[in-house]
**Student:** 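Next up is a structure, given as structure tokens.
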Amino acid sequence: MNNGLQPESPLTLLAGISSREAQALQAAGINTVHQLLRRIPRRYEDRRLSLAVHQLQDGETVCVRVHVYGAAWRFSYKRYFEASTGTDGDPHGARLYLRWFNMPYVAKLLATGMNLSVYGKVKVYGGKLTMANPDFEVMDDEDAGHRLVEAAMGGHPMPPPRTQEDFISIHTGRIVPMYKGLPGMAARTYRALVWRVLQQIPPHTPAPGYDAAPTYPYWQAMHDIHFPASEEMHRKARLRFALDECFKQQFRVAWLRRQAHDTPGQVTATCRAYVDELLASLPFQLTQAQNRCVDEIYRDMASPRQMNRLLQGDVGSGKTLVALCAMLLAVGSGKTAAMIAPTQILAEQHYRNFCRLLADTDVKVSLRTADRRYDTGLVLDAGQQDTTPRIIVGTHALLYKKNRPQNLGLAVIDEQHKFGVEQRESFIASGQNPDVLVMTATPIPRTLTLTLYGELDVSIIDELPANRGEIVTVLRNPANMKRIISFMDKEMDAGRQIYIVSPLVEESETRKQSSATAELARWTEIFPQRRIGLLHGRMSAEEKDQAMSLFSAGQMDILVATTVVEVGVDVPNANIMIINDADNFGLSQLHQLRGRIGRGEHKSYCILLSSAKAGDSGREKLEILCRTLNGFEIAEEDFRLRGPGDMLGTAQSGMGAVEFPEWLADMRLIHRANREAEAILQADPQLRAPIHAPLRTLVDFDSAALSN
Ligand code: ADP
Ligand code: MG
């Protein structure tokens, strides 16, 4: 019955596809059979349960088998086509009236005497059981069934039906797949197309690419994920694809790890003098965890292999200082060290910090951002660069060829998750295999570390400096602001500063969230005598800068802000953070925000405002936050609450779409995939064996992207 469709066959080869349909698919980037099928259902509707008409109840969404006793156009406030139906063989029993509005083609498909399978929501109107625009299939009339599929296929004539299979129900009476809408194509049409494509692929067609789960044939699993016979079947099919995806991802990681370990690098730590000088000048000692991380980094940098290390630590654990030590090792060894930060505010803050910390040394520190006015001491005269070993702090501007640091020995990437993989690579490519240190903003779950950074060695700062003021986190209802306001007043009298954070910039009509601009007006009214400023992402870099430096300098009492303060801002005198509509933020984001306080010796207060009641979704994460300050614990909880796919989205911008994210939560699966990948690479490091050929495409990274 099939004409041997292959995964890469263009859909135009599909018998009976109309040009309009082909165009709609093409517009959505769906050209081949495989692309059509890789759009897996977004959800399913269980239409298996079939009720008798007399069992129907108002408001239920159900599947029913009915017999058509009459069908006609009706006119009331609207014109519609109505079929009067009931249980087959019971002409005097209960009636169900099916009504189709604006769907004139239905009239051509239905006739008295047919048996239908119908799916829709029952509504009682004027004492009658009705269903508006139900999905339906003709169950026994061959010609009608034929017409129906034609209609679903956009009116294109179909070859005459040959087998019973052609009348199997697709849209009712089973677990029915629901797809994300496509402009210009009805969901039902898409479903019918998928069905027909699946019928036309020879079952023993090999899986496209490397298949990590060959015991469950790919196309069988594809069929099962679109049209699962049971929930169990669906789960199995998803797991099969998840396994495949997990393996491919872990294979890439294993490959990268091997590459990294085989990459010759530079010896960038020959002398600790600058580090020792810095540490001796600090008013505090490094924590044990910081010391351990510096040692790990030192060892990597002193070796001729390229360092590829991830530095993970909680907010405020002092990652920047560890990174600075690494940079001083490089400078002490005659190399330049560069740190790239995601925002101008952060880059400048690092720059000022480093200048202050290194004021008594002869280490040169420079800043390079998109805004040349702030650039310092890099260009001597037109076109000529000063190549003295130094520390350079910059933003994305460092990625441009003309700005790339000379003599780069160490590349540090702050807030790694704000950069894509390509940006990271491009930055690293600016030197002769420089050592690389990447830093995350907050801890991420262990499985994600393995997935996103599996090729890196990891150093963890799991301890906060001892001098930290305590942070108290409380959950309050915004209806009781009075006490909070007098508390704020008292703290400001004592010289402290306050952050007020809101989810959105401007009042949106649809969501009643307080916004930063409205907040500014509100707080100015409450505290007319205080200095209150605004910080949000839509301000110009200059305005942001000005607000930030006023606040850092203590010339502003309250900073009303959006999440731009989330990223690494460090003002030790600020000890109160008020978060409006706190339940609208993610858990890790709230933790990151809270990390802006508790940075000095003062006791700090994070006040989460939310009207979410006990048991509301959104409330649980706030309670977790009140309970613990441990970022590693919070990351795992966040992962549990949000699920892997969602969490991945915010943890990393550079990783491709994950279609079956369930494996991300499964450490055992990841380890297993990892072991398999290692074993393959161990046996065949260059992937020369023919069976490994498909694996080569997985690791064939686009090196052209790195060259400009
Ligand atoms: P994060 O890890 O969030 O980037 P930072 O590096 O910004 O944290 O450090 C937060 C603050 O803690 C900075 O003001 C830094 O100078 C200070 N700090 C770092 N290490 C120590 C330490 N061992 N003892 C006391 N304070 C420290
Ligand atoms: Mg930081």
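Counting starts at 1 for both ligands and their atoms, following the listed order.
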**Student:** Can you sort out which atoms of ligand 1 are near G316, meaning under 4.0 Å from one of its heavy atoms?
**Tutor:**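 Ligand 1 atoms under the 4.0 Å threshold to G316: 1 (P), 2 (O), 3 (O), 8 (O).
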
**Student:** With a 4.0 Å cut-off on heavy atoms, does S317 reach ligand 1?
**Tutor:**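 Right, S317 reaches ligand 1.
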
**Student:** Examine the side chains of T473 and R594 and answer whether a donor and an acceptor come within less than 3.5 Å of each other.
**Tutor:**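 Their side chains do contain a donor-acceptor pair, which is all the 3.5 Å distance test asks for.
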
**Student:** Closer than 3.5 angstrom, by distance alone: can the side chain of R496 be matched with the main-chain N or O of A494 as a donor-acceptor pair?
**Tutor:**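 Answer holds: yes.
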
**Student:** Decide, yes or no, whether a salt bridge links R640 with E620 under the criterion of side-chain N to carboxylate O below 4.0 Å.
**Tutor:**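 A salt bridge links R640 with E620.
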
**Student:** If you count the atoms of ligand 1 from 1 in the order shown, which ones are under 4.0 Å from a heavy atom of D314?
**Tutor:**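 Numbered from 1, ligand 1 contributes 2 (O).
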
**Student:** Can an N or O of V315 be found at a distance shorter than 3.5 Å from an N or O of ligand 1?
**Tutor:**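 There is no such contact.
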
**Student:** Run the numbers for me: atoms of ligand 1, each under 4.0 Å from some heavy atom of L286, listed by number.
**Tutor:**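 Those qualifying, in numeric order: 23 (N).
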
**Student:** State the atoms of ligand 1, each with its element, that fall below the 4.0 Å cut-off from a heavy-atom position in T287.
**Tutor:**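 Counting from 1, the qualifying ligand atoms are 23 (N).
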
**Student:** Checking N674 against R257: is there a side-chain donor and acceptor pair closer than 3.5 Å?
**Tutor:**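 Yes - a donor-acceptor pair under 3.5 Å links their side chains.
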
**Student:** Under 4.0 Å, heavy atoms only, figure out whether ligand 1 is touched by the backbone of Q285, its side chain, both or neither.
**Tutor:**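 The answer is the backbone.
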
**Student:** Applying the salt bridge (charged side-chain N to carboxylate O under 4.0 Å, His left out) criterion to R309, which one of D435, D295, D300 satisfies it?
**Tutor:**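 Of all the options given, the one that passes is D300.
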
**Student:** Do any N/O atoms on F284 end up under 3.5 angstrom from N/O atoms on ligand 1?
**Tutor:**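 Among all N and O atoms of F284, none is under 3.5 Å from an N or O of ligand 1.
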
**Student:** Among V363, D360, L324, T361, find the one that has a side chain to side chain contact (heavy atoms under 4.5 Å, CB included) with L278.
**Tutor:**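 Considering V363, D360, L324, T361, a side chain to side chain contact (heavy atoms under 4.5 Å, CB included) with L278 is found only for L324.
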
**Student:** Where does the angle between the aromatic ring planes of Y499 and F551 fall among parallel (under 30°), tilted (30 to 60°) and perpendicular (over 60°)?
**Tutor:**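 Ring orientation, 0 to 90° scale: tilted.
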
**Student:** Taking only heavy atoms of T320 into account, list the atoms of ligand 1 that are under 4.0 Å away from them.
**Tutor:**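 Matching atoms, with element in brackets: 4 (O), 5 (P), 6 (O), 7 (O).
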
**Student:** Which part of N353 is near ligand 1, with near meaning a heavy atom under 4.0 Å away: side chain, backbone, both or neither?
**Tutor:**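 Within the 4.0 Å criterion, N353 makes no contact with ligand 1.
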
